[in-house]
Amino acid sequence: MPITDLLMSGVNLMGIGMTIVFTFLLVLVFAMKGMSKLALFVTERQGVSETLSSHPLTTGQGQAGMRGDLVAVITAAINTYRTTHQ
Amino acid sequence: MPITDLLMSGVNLMGIGMTIVFTFLLVLVFAMKGMSKLALFVTERQGVSETLSSHPLTTGQGQAGMRGDLVAVITAAINTYRTTHQ
Amino acid sequence: MPITDLLMSGVNLMGIGMTIVFTFLLVLVFAMKGMSKLALFVTERQGVSETLSSHPLTTGQGQAGMRGDLVAVITAAINTYRTTHQ
Amino acid sequence: MIEIGFEPLWQSTGIANLEWGQVLMMGVGSLLIYLAIVKKFEPLLLVPIGFGAILSNIPLADISGSEGLLGYIYHVGIETGVFPLLIFMGVGALTDFGALIAMPWTLLLGAAAQFGIFVTLLGALALNFIPGFDFSLADASAIAIIGGADGPTAIFLASRLSPDLLGAIAVAAYSYMALVPIIQPPIMRLLTTETERNVVMQQLRHVTKLEKILFPFAVLLLCAIFLPSAAPLIGMLTFGNLLRECGVVERLSHASQNEIINIVTIFLGLAVGSKLSADKFLTVETLGILALGAFAFCIGTATGIIMGKIMYRVTGGKVNPLIGAAGVSAVPMAARVVNKVGLETNHHNFLLMHAMGPNVAGVIGSAVAAGILLALVGG
Amino acid sequence: MIEIGFEPLWQSTGIANLEWGQVLMMGVGSLLIYLAIVKKFEPLLLVPIGFGAILSNIPLADISGSEGLLGYIYHVGIETGVFPLLIFMGVGALTDFGALIAMPWTLLLGAAAQFGIFVTLLGALALNFIPGFDFSLADASAIAIIGGADGPTAIFLASRLSPDLLGAIAVAAYSYMALVPIIQPPIMRLLTTETERNVVMQQLRHVTKLEKILFPFAVLLLCAIFLPSAAPLIGMLTFGNLLRECGVVERLSHASQNEIINIVTIFLGLAVGSKLSADKFLTVETLGILALGAFAFCIGTATGIIMGKIMYRVTGGKVNPLIGAAGVSAVPMAARVVNKVGLETNHHNFLLMHAMGPNVAGVIGSAVAAGILLALVGG
Amino acid sequence: MIEIGFEPLWQSTGIANLEWGQVLMMGVGSLLIYLAIVKKFEPLLLVPIGFGAILSNIPLADISGSEGLLGYIYHVGIETGVFPLLIFMGVGALTDFGALIAMPWTLLLGAAAQFGIFVTLLGALALNFIPGFDFSLADASAIAIIGGADGPTAIFLASRLSPDLLGAIAVAAYSYMALVPIIQPPIMRLLTTETERNVVMQQLRHVTKLEKILFPFAVLLLCAIFLPSAAPLIGMLTFGNLLRECGVVERLSHASQNEIINIVTIFLGLAVGSKLSADKFLTVETLGILALGAFAFCIGTATGIIMGKIMYRVTGGKVNPLIGAAGVSAVPMAARVVNKVGLETNHHNFLLMHAMGPNVAGVIGSAVAAGILLALVGG
Ligand code: NA
Ligand code: NA
Ligand code: NA
């Protein structure tokens with residue numbers, strides 16, 4: 001490739017590259033702001049931050065319910081996948 | 001393979017499997033009892049448990065004798081192997 | 001190879017081998033003596049041993065000069081290589 | 001000159017190539033991480049497995065492909081069986097078999113609990129009557145081992161007998177191991193009387209250092225004589241345990257218990273996660289495996305307790321049948337659950353140490369069962 | 001019988017087979033070690049790289065050949081991309097993204113500093129006008145990433161786009177990262193006014209544990225959606241960070257931050273050093289790469305600061321433009337330099353924490369840039 | 001339907017397939033572990049070697065086969081030479097060469113002790129006169145290196161020159177290193193007079209940090225110039241030592257001295273053990289190797305002491321000839337033995353530090369000898 005063509009490719013790359021970098025990080029700014037709001041909301045509502053430091057061997061309802069959740073969620077995922085793929 | 005045949009294989013496997021598991025662990029029970037008796041005998045007789053925590057750099061007769069043992073035992077092993085294999 | 005020839009090779013190897021071992025370590029003796037003298041000289045002259053324990057984030061002239069050194073030395077190396085190889 | 005238009009750029013984004021299945025599997029990965037962090041479900045394994053699932057379902061990146069990082073790790077560590085064996089070495093180095101040596105008869109509790117494995121094998125084969133299921137004998141064996149409640153054994157066996165099901169089997173094994181405190185207590189209460197649960201067991205005798213050193217040799221010797229197909233698993237378990245007990249290789253024992261097991265756990269988890277692709281995981285078979293896993297744990301717990309009841313009779317009431325539940329392994333969770341249920345009945349009856357015997361017996365028991373399945377079904 | 005004469009013996013010595021280039025490259029290796037030890041230039045990398053250079057230039061020994069130790073290590077760790085990715089996992093486990101989460105807008109400073117990468121790409125292509133230079137678009141991209149000021153990213157990209165230049169690129173990247181305290185301050189003083197440098201920034205808000213846990217997922221999700229080619233790098237970075245922040249896998253976090261990163265650093269350094277052979281390194285291209293590297297750092301610093309000045313205007317003087325210089329990454333050196341230059345103007349203005357935001361943003365930014373280059377130039 | 005009868009079941013047991021040789025080799029493995037635990041014979045190596053021997057002789061399991069765990073480890077770590085070289089890096093990082101730098105002349109003691117290697121080479125060739133022995137020049141060289149009293153060097157050379165004898169050579173090397181306190185003292189008392197043993201040596205001068213940093217370069221430079229075939233061994237030894245002494249890479253030095261060397265030691269031992277199969281180990285040649293090993297240690301000790309006596313004469317009685325015995329290496333055991341024998345004669349004469357000089361010189365000396373044998377016999 002002639003050098004000038006290479007250079008034009010480079011300019012093109014620079015334009016696209018910086019656009020993507022800026023777009024990506026700008027979207028990330030908003031994603032992070034959203035995430036922080038979500039975190040604040042969850043923390044205030046459910047006191048998750050406390051749950052996060054609770055003891056490993058909790059045997060309450062929460063976990064029992066969770067087991068149902070596990071199978072329920074995976075079942076739902078499989079159903080969705082089957083219906084869209086077969 | 002028809003499913004019923006598969007199931008019959010499975011029943012067969014279960015029978016054999018549980019038999020082996022129980023036999024193996026039962027034999028291990030007796031092996032462990034034997035081992036514990038041996039350990040008790042050795043510990044009382046030779047005070048091995050003390051030897052086990054002795055210092056690394058012992059230069060006494062025991063070790064000198066051991067070197068003889070090393071060559072003697074390996075020689076015996078080689079002889080046995082040769083005579084049975086050639 | 002007949003065993004006697006093997007043995008002659010072995011004697012040959014022993015002669016050469018011990019000669020090289022001794023020569024190598026003897027040269028190393030002198031290299032180490034030279035190195036120690038150099039170290040003494042450098043330590044006294046420039047106080048390198050102190051530099052060696054200085055803080056990582058020095059931003060003085062020394063380092064600025066060093067950067068010039070880096071490029072200068074590599075440039076010199078490349079020139080030497082080019083002139084001898086092309 | 002490269003002219004880059006909008007179309008090829010768009011085609012290089014993930015969103016343009018995203019498939020439904022990938023989104024769902026990233027959701028499954030996130031769910032596993034959620035359970036690990038918030039519910040403390042076996043986090044050491046489920047965090048890397050979950051993250052591996054997310055990474056390997058990123059469109060285009062092909063991280064679990066043959067040129068991708070997770071693909072390399074799987075190839076080097078799981079296909080060869082090296083990672084589960086190194087974990088087993090670490091487990092051996094972390095386990096004190098003293099309680100088992102003091103009560104060798106509790107090995108039978110560990111044997112009885114393996115019944116869960118073989119019943120589940122039948123269950124898996126029976127599922128073939130339902131349309132959509134097509135488990136071979138090898139598949140069924142790999143699924144059944146979930147009942148062994150032993151992660152590395154399950155991964156080792158699945159990688160040999162049924163690699164396609166490896167992801168679902170590993171997820172089921174670790175999930176149910178985490179659910180032991182939920183699954184076991186009702187079964188334990190159902191099958192035992194209050195009198196039985198009240199039994200206070202004799203204090204364990206002192207176990208000498210020499211016995212602890214001879215123990216791995218005894219286990220390995222029997223394995224070599226009777227069941228060589230279990231030798232890789234039993235061999236590395238006993239090797240790790242010898243490093244721990246022999247007292248002269250502190251450096252190596254420490255390395256097995258820390259550096260090696262930690263590093264391998266990270267890579268093992270990521271590599272297992274890389275098998276969680278939509279086409280292999282989002283099948284009715286996975287639902288079957290999840291159902292069978294729960295079933296296996298229940299059966300294993302029950303048969304362990306029943307054997308406990310038999311020993312209670314035979315010994316004239318010296319054995320608390322609850323400790324039979326610990327025979328499924330899931331070390332040390334199952335032993336702790338026994339202790340907890342025991343304390344409910346009698347506030348001064350600490351069964352933890354007595355439950356450790358069948359608990360570690362369960363590890364040996366399921367390695368033996370894995371060896372049997374390998375010998376009769378594999379190869 | 002073997003008769004060994006003087007001639008073959010002489011022929012087996014190094015001195016009889018020594019080439020000029022090898023002597024020079026051993027000198028370059030020694031120089032790197034000298035800079036590492038005496039001038040504290042990134043010693044963790046430059047000591048192994050320098051020693052690797054010496055070893056691989058020993059005549060006859062062929063240590064970097066396909067049967068040699070360094071050859072094996074390169075083949076296993078660099079050709080596959082495994083080592084830089086594991087380093088990135090360790091970097092993730094060692095990095096606290098709290099400052100960035102508190103000030104998400106500083107991501108734009110990390111974005112702006114990547115301008116250095118793309119300008120350098122043009123510069124590398126322009127060098128082709130000078131006889132002796134023949135950089136392809138792939139070569140130029142690999143060189144440009146030096147401007148990202150991020151060692152593992154540079155090695156990862158170079159190993160994919162331009163393996164022959166890997167040695168020179170890695171040496172340039174680490175050398176200039178070490179020179180950040182020399183290169184940046186004059187540019188910072190030149191582009192900012194005293195009033196700007198005097199700005200005292202608001203104290204950072206508290207960041208919750210949940211935000212820190214969600215952060216890696218947010219980054220990875222965007223990467224998966226928009227830029228899958230950056231997924232290996234971003235994926236391992238966020239995985240390491242999740243291990244650190246999730247709080248339930250202390251063992252794995254510790255292993256990533258210590259055992260794994262230390263072991264991999266030794267081998268990565270040796271393997272990079274094995275690419276410092278005379279015929280690949282002693283070329284005018286290396287001089288071009290060194291010059292472009294300095295250029296890249298200067299441009300990146302300048303554009304980071306300029307974006308800082310824009311934010312200063314937009315926020316009505318709440319942002320100190322100096323922190324833009326930290327956007328090049330070179331964690332944590334660049335942030336420390338910002339702090340130092342800030343203190344010169346105002347003895348009570350500690351900018352370290354505020355500079356950590358753009359500093360870690362720069363890591364993400366250059367991984368993104370690497371992904372773009374991989375997607376558009378590689379493959 | 002699979003119908004499993006008694007016969008195939010019996011055929012899958014170990015006992016039905018057990019060969020005499022395997023039983024004997026498991027006995028040899030157990031003996032090595034016994035010596036390691038009870039007699040403290042080099043336990044860090046002999047426990048893994050012994051266990052590896054047991055594992056690889058389990059019938060049917062084929063753990064040392066090409067698909068087995070130990071087979072993989074051997075293939076990856078020993079065939080490539082990677083493991084012994086990494087151990088050498090660790091040895092370098094663990095060794096303080098200060099005593100040698102303070103007394104460079106003691107290098108000659110390390111040189112003299114290598115005589116044991118070459119005399120043993122002749123001895124191995126002479127054994128060919130006895131029917132049943134058929135050692136090639138390469139075999140004899142690999143056996144001779146046992147006289148170097150340096151485990152990783154012996155394994156490295158044997159893996160290159162005579163892989164079939166690797167097991168026996170490694171076992172002999174580590175066994176005799178453990179027996180140094182038995183083998184050396186009588187020879188030391190026999191060859192020295194009481195006056196000689198009484199010599200109190202001058203206190204060692206202070207060695208500067210700079211000398212310690214320059215030392216690895218000096219050794220490596222000479223190796224590169226004169227003996228490139230020793231460069232892998234010497235290169236990794238000096239690299240490890242530089243990491244230790246340079247003072248700026250604490251993390252890497254720690255990793256070399258701990259994580260890396262511990263992990264590699266476990267795998268190296270297991271892999272060496274996997275070479276202890278009946279058909280390779282239970283031969284008259286093994287007896288020859290064991291006999292030659294003892295012979296080599298005796299000769300090396302004697303020639304070291306004789307060189308010590310020469311230095312005693314030349315220096316007018318300033319050198320205690322006992323320290324020559326430490327020239328065989330076996331660090332730090334041989335130096336401790338010198339100290340012990342010295343104290344027998346004079347209760348206030350501590351020779352430990354003076355013996356460390358020839359002791360570490362012996363490591364360099366046998367690496368040099370290995371390089372010579374590789375250059376002249378290998379390839
Ligand atoms: Na189990
Ligand atoms: Na950057
Ligand atoms: Na030696």
Side-chain angles (χ1 to χ4, degrees), chain E residues 1-2 4 8-18 22-23 26 29-30 33-34 36-48 50-52 54-63 67-73 76 255 257-267 269-270 273, chain F residues 76-77 79-86 88-89 93 137 156 160 209-210 213-214 216-217 220-236 238-243 245-256 258-260 262-264 371-372 374-377 379:
Chain E
M1 183 189 141
I2 294 180
I4 300 147
L9 253 189
W10 168 249
Q11 281 307 327
S12 76
T13 65
I15 195 138
N17 295 274
L18 201 57
Q22 292 172 327
V23 176
M26 289 195 211
S30 306
I33 296 173
Y34 171 80
I37 298 178
V38 179
K39 302 290 172 183
K40 323 285 177 208
F41 273 30
E42 296 282 330
L44 292 175
L45 263 298
L46 289 189
V47 168
F51 214 91
I54 297 175
L55 288 180
S56 60
N57 281 287
I58 293 176
L60 297 181
D62 202 25
I63 297 180
E67 301 271 286
L69 177 64
L70 300 195
Y72 284 125
I73 296 176
V76 168
Q257 291 175 32
N258 294 279
E259 285 93 78
I260 296 178
I261 202 170
N262 292 346
I263 294 172
V264 173
T265 298
I266 291 177
F267 294 143
L270 288 173
Chain F
V76 168
E79 262 176 36
T80 60
V82 168
F83 284 171
L85 292 177
L86 294 182
F88 236 56
M89 178 173 85
L137 206 54
F156 184 76
R160 258 123 201 78
K209 198 165 156 40
L210 181 57
I213 293 177
L214 290 178
F217 290 100
L220 183 61
L221 185 69
L222 286 187
C223 170
I225 293 176
F226 295 119
L227 200 63
S229 53
L233 283 167
I234 295 284
M236 292 312 281
T238 53
F239 177 54
N241 192 244
L242 180 65
L243 292 184
E245 301 295 354
C246 73
V248 290
V249 293
E250 207 40 62
R251 286 176 79 108
L252 308 186
S253 171
H254 183 270
S256 311
N258 295 280
E259 285 93 79
I260 296 178
N262 292 346
I263 294 173
V264 173
I372 294 167
L374 266 180
L376 300 184
V377 177

Considering all heavy atoms, the nearest F:L242-E:V47 contact: CD2-CG1, 4.1 Å
Based on non-hydrogen pairs under 4.5 Å, which of E:A36, E:S30, E:P48 is most in contact with chain F? E:P48
Select, from F:L220, F:I225, F:V249, the one with the greatest count of heavy-atom pairs under 4.5 Å involving chain E. F:I225
Of the backbone (N, CA, C, O) and the side chain (C-beta and beyond), which part of E:I73 lies under 4.5 Å from a heavy atom of chain F, both, or neither? neither
Any idea which of E:I58, E:I15, E:N262 has the most non-hydrogen atom pairs under 4.5 angstrom with chain F? E:N262
Check E:I266 against F:A255 and note the closest heavy-atom contact, atom names and distance. CD1-CB, 4.4 Å
Could you check whether atom CD of F:E250 has more than 12 heavy atoms from other residues, nucleotides or ligands sitting under 6.0 Å from it? no
Would a distance-only check, ignoring hydrogens and angles, find a side-chain to backbone donor-acceptor pair under 3.5 Å from E:K39 to E:Y34? no
Which heavy atom of F:V264 sits nearest a heavy atom of F:F83, and at what distance? CG1-O, 3.6 Å
Heavy-atom distances under 4.5 Å only: say whether F:L85 touches chain E with side chain, backbone, both or neither. side chain
Judged by atom type as modelled, is there a donor-acceptor pair below 3.5 Å linking the side chain of E:T13 to the main-chain atoms of F:F226? no
Does any backbone or side-chain atom of E:L70 lie under 4.5 Å from a heavy atom of chain F? Answer side chain, backbone, both or neither. neither
If I compare all heavy atoms of E:F41 with all of E:L46, which pair ends up nearest, and what's the gap? O-CD1, 3.5 Å
Structural part of E:N258 lying under 4.5 Å from a heavy atom of chain F: both
Atom group of E:L18 that falls short of 4.5 Å from chain F, counting heavy atoms: neither
Check whether F:L221 gets within reach of chain E through its side chain, its backbone, both or neither, counting any heavy atom under 4.5 Å. neither
Examine whether an atom of F:S229 lies under 4.5 Å from a heavy atom of chain E, and if so say whether it belongs to the side chain, the backbone or both; otherwise answer neither. neither
For each of F:G235, F:A375, F:G247, F:S256, tally heavy-atom pairs with chain E at distances under 4.5 Å, and name the one with the top tally. F:G235
If I compare all heavy atoms of E:N57 with all of E:M26, which pair ends up nearest, and what's the gap? O-CE, 3.2 Å
